[in-house]
K.L.:
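The structure under discussion is supplied below as structure tokens; questions concerning it will follow.
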Amino acid sequence: MRSKIVAGNWKMNKNVAESKALAEGLVNELKDVALDNTRVIVSPTFVNLTTVLAATEGSAVEVAAQNMHQEANGAYTGEISAEMLTSAGIKTVILGHSERREYFGEDEALLAKKTDAALANGLEVIYCFGEVKEEREANTQEEVVAKQISGALFHLDAAAWSNIVLAYEPVWAIGTGLTASADQAQEMHAFIRGFVANKYGAEVAENVSILYGGSCKPSNAEEIFSKPDVDGGLIGGASLVAADFAAVIKAI
């Protein structure tokens with residue numbers, strides 16, 4: 001059975017003390033919650049990773065990195081390698097977020113290299129993808145998503161998919177106040193699962209968790225999470241308040 005996952009992407013928010021307080025607050029909010037088959041992940045900035053790891057130690061809350069470099073080491077000032085993450089105790093990394101694509105020009109060729117480096121170092125990858133507003137309006141979202149998935153992940157063998165989590169982000173619904181309807185989310189998630197099945201077969205497709213990443217919050221989480229192909233969420237703004245994030249987690 002594939003896991004339910006609710007992951008909080010804190011982006012470039014919270015200093016060390018604030019990250020520690022947020023992590024501790026979330027642990028406290030969840031202390032009496034039966035998570036069953038649900039994983040909870042938080043993703044602070046690089047400088048706050050070890051602080052949040054310490055604050056969540058002994059709890060069900062996992063800690064992921066927001067990005068990494070594709071090379072093992074070298075003259076890449078300001079970058080972080082996969083081995084650096086694992087040496088700090090990190091087991092999961094987010095790759096391909098729409099903001100990395102938009103602001104830093106990351107494409108599928110680069111993300112394939114990052115994915116390979118992550119997997120080679122034993123990291124699980126949460127791979128993000130999704131269409132922008134113009135692509136949705138042109139009804140090309142399936143074509144766009146297919147290219148983003150195949151370009152970065154379809155060189156992998158089937159066994160590697162046990163360490164892949166997919167996160168569909170309708171970019172037009174991130175931080176805009178717009179949200180895909182639960183039916184729109186299900187439609188795209190079903191397409192994604194079918195697309196993976198066509199390449200790797202039903203077993204791989206049925207076992208991969210697919211998260212929704214477009215302005216999911218306490219008010220709409222339950223409806224979105226109720227859809228059969230939606231396995232959780234990659235949460236932005238709502239993950240920055242412990243009570244709000246806990247409410248989203250409880251909705252699953």
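Everything quoted here is computed from the prediction, not taken from an experiment.
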K.L.:
Hey, any chance I41 and V208 share a hydrophobic cluster, counting ILVMFWY side chains that come within less than 4.5 Å of each other, even indirectly?
P.N.:
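Result: no, two separate clusters.
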K.L.:
Hey, are the side chains of R136 and Q184 touching, using non-hydrogen atoms and a 4.5 Å cut-off?
P.N.:
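Yes, their side chains come closer than 4.5 Å.
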K.L.:
Using every non-hydrogen atom in the two residues, find where I252 and K4 come nearest and quote the distance to one decimal.
P.N.:
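That would be CD1-CB, 3.8 Å.
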K.L.:
Is the number of heavy atoms from other residues, nucleotides or ligands within 6.0 Å of CD (E137) greater than 12?
P.N.:
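More than 12 within 6.0 Å, yes.
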K.L.:
Does any part of the side chain of K217, heavy atoms only, come nearer than 4.5 Å to the side chain of N220, both counted from C-beta?
P.N.:
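N220 reaches K217 side chain to side chain.
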K.L.:
I'd like to know if V248 and W10 are part of one continuous hydrophobic network [Ile/Leu/Val/Met/Phe/Trp/Tyr, side-chain heavy atoms within less than 4.5 Å].
P.N.:
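Looking at the clustering, V248 is in the same group as W10.
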K.L.:
How close do S81 and A72 get, heavy atom to heavy atom, and via which atoms?
P.N.:
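The answer is CB-O, 3.4 Å.
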K.L.:
Any idea which heavy atoms bring Y200 and D157 closest together, and the distance?
P.N.:
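In this case the closest contact between Y200 and D157 is CE2-C, 4.0 Å.
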K.L.:
Verify, without hydrogens or angle tests, whether Y168 (side chain) and I192 (backbone) share a donor-acceptor contact under 3.5 angstrom.
P.N.:
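Checked: no pair found.
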K.L.:
Knowing that exactly one of L111, I94, I164 qualifies, which makes a side chain to side chain contact (heavy atoms under 4.5 Å, CB included) with V125?
P.N.:
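Result: among L111, I94, I164, I164 is the only option passing the side chain to side chain contact (heavy atoms under 4.5 Å, CB included) with V125.
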K.L.:
Is any side-chain heavy atom of T45 less than 4.5 Å from a side-chain heavy atom of K14?
P.N.:
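A side-chain contact is absent here, since even the closest heavy-atom pair is not under 4.5 Å.
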K.L.:
Please evaluate residues V40 and L26 with respect to the criterion side-chain contact (heavy atoms from CB on, under 4.5 Å), reporting the C-alpha separation (whole Å), side-chain torsions for both, the decisive distance (0.1 Å), and the verdict.
P.N.:
CA-CA 10 Å; V40 175; L26 179 62; 4.3 Å; yes
K.L.:
Looking at E206, I'd like to know if its CD atom is crowded, meaning that more than 12 non-hydrogen atoms belonging to other residues, nucleotides or ligands lie closer than 6.0 Å.
P.N.:
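More than 12 heavy atoms, drawn from other residues, nucleotides or ligands, come within 6.0 Å of this atom.
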K.L.:
As a test of understanding, state which of L30, V42, L240 forms a side chain to side chain contact (heavy atoms under 4.5 Å, CB included) with F245.
P.N.:
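The side chain to side chain contact (heavy atoms under 4.5 Å, CB included) with F245 is passed solely by V42 among L30, V42, L240.
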K.L.:
Take L123 and T86 through the test side-chain contact (heavy atoms from CB on, under 4.5 Å) and record every step on the way to the result.
P.N.:
CA-CA 7 Å; L123 286 167; T86 58; 3.7 Å; yes
K.L.:
Would you say V33 and I235 are hydrophobically clustered, going by side-chain heavy atoms of ILVMFWY under 4.5 Å?
P.N.:
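The answer is yes; both residues are in one hydrophobic cluster.
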K.L.:
Are F191 and W161 in one and the same hydrophobic cluster, where Ile, Leu, Val, Met, Phe, Trp and Tyr link if side-chain heavy atoms are under 4.5 Å apart?
P.N.:
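Yes, same cluster.
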K.L.:
Regarding D229 and Q186, do their side chains bring together a donor and an acceptor under 3.5 Å, going by distance alone?
P.N.:
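Per modelled atom types, D229 and Q186 side chains form a pair under 3.5 Å.
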K.L.:
What heavy-atom pair brings C128 and R101 nearest, and what distance separates the two atoms?
P.N.:
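Heavy-atom minimum between the residues: O-NH2, 2.9 Å.
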K.L.:
Do L49 and V16 sit in the same hydrophobic cluster, where Ile, Leu, Val, Met, Phe, Trp and Tyr count as joined when their side-chain heavy atoms come under 4.5 Å apart?
P.N.:
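In one cluster with L49: V16, no.
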K.L.:
For the NZ atom on K91, are there more than 12 heavy atoms of other groups (residues, nucleotides or ligands in this structure) within a distance under 6.0 Å?
P.N.:
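Atom NZ in K91 is not crowded, with 12 or fewer foreign heavy atoms closer than 6.0 Å.
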K.L.:
Just so I know, are the side chains of L156 and L119 near enough to count as touching, which here means a heavy-atom distance under 4.5 Å?
P.N.:
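Yes - at least one pair of side-chain heavy atoms lies under 4.5 Å apart.
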K.L.:
Quiz question: by atom type and distance under 3.5 Å, do the side chains of T51 and N48 form a donor-acceptor pair?
P.N.:
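Their side chains do not contain a donor-acceptor pair, so the 3.5 Å distance test is not met.
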K.L.:
Closest approach of R2 and N37, non-hydrogen atoms and distance?
P.N.:
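Minimum heavy-atom contact is O-ND2, 3.0 Å.
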K.L.:
Can you confirm whether E71 is buried at CD, in the sense that more than 12 heavy atoms of other residues, nucleotides or ligands lie under 6.0 Å from that atom?
P.N.:
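Yes, the 6.0 Å shell around CD holds more than 12 heavy atoms from other groups.
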K.L.:
Look at the side chain of E18 and the backbone N and O of N15, then say whether any donor-acceptor pair between them is shorter than 3.5 Å.
P.N.:
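Answer holds: yes.
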K.L.:
Is it the case that the side chain of E135 and the backbone of V132 share a donor-acceptor pair, with hydrogens and angles ignored and the cut-off at 3.5 Å?
P.N.:
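Yes; at least one donor-acceptor contact below 3.5 Å.
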K.L.:
If the test is side chain to side chain contact (heavy atoms under 4.5 Å, CB included), which one of T140, V171, N139, V145 qualifies with E131?
P.N.:
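Testing E131 for a side chain to side chain contact (heavy atoms under 4.5 Å, CB included) against T140, V171, N139, V145 leaves exactly one candidate, V145.
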K.L.:
Considering all heavy atoms of both residues, which atom of N121 and which atom of A82 are nearest to each other, and what is their separation?
P.N.:
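What the structure gives for the nearest pair is ND2-CB, 3.6 Å.
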K.L.:
Using a 6.0 Å cut-off, check whether atom CD of E203 has over 12 heavy atoms from anything other than its own residue.
P.N.:
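No, not enclosed.
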K.L.:
Taking the side chain as C-beta and beyond, is there a heavy-atom pair between N207 and S162 under 4.5 Å?
P.N.:
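A side-chain contact under 4.5 Å is absent here.
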K.L.:
Mind checking whether F195 and F154 have parallel, tilted or perpendicular rings, split at 30° and 60°?
P.N.:
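Rings of F195 and F154: parallel, under 30°.
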K.L.:
Distance-only, no hydrogens or angles: does the T92 side chain make a donor-acceptor pair with backbone N or O of E124 under 3.5 Å?
P.N.:
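No, the answer is negative, given that no donor and acceptor are paired below the 3.5 Å cut-off.
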K.L.:
Report yes if the side chains of K11 and H97 come closer than 4.5 Å at any heavy-atom pair, otherwise no.
P.N.:
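Answer yes - side chains close enough.
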K.L.:
Do the side chains of E29 and K250 get nearer than 4.5 Å, heavy atoms only?
P.N.:
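Touching, per the 4.5 Å side-chain cut-off.
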K.L.:
Is it true that a side-chain atom of S209 and a backbone atom of S3 form a donor plus acceptor pair closer than 3.5 Å?
P.N.:
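Here the side-chain-to-backbone pair exists.
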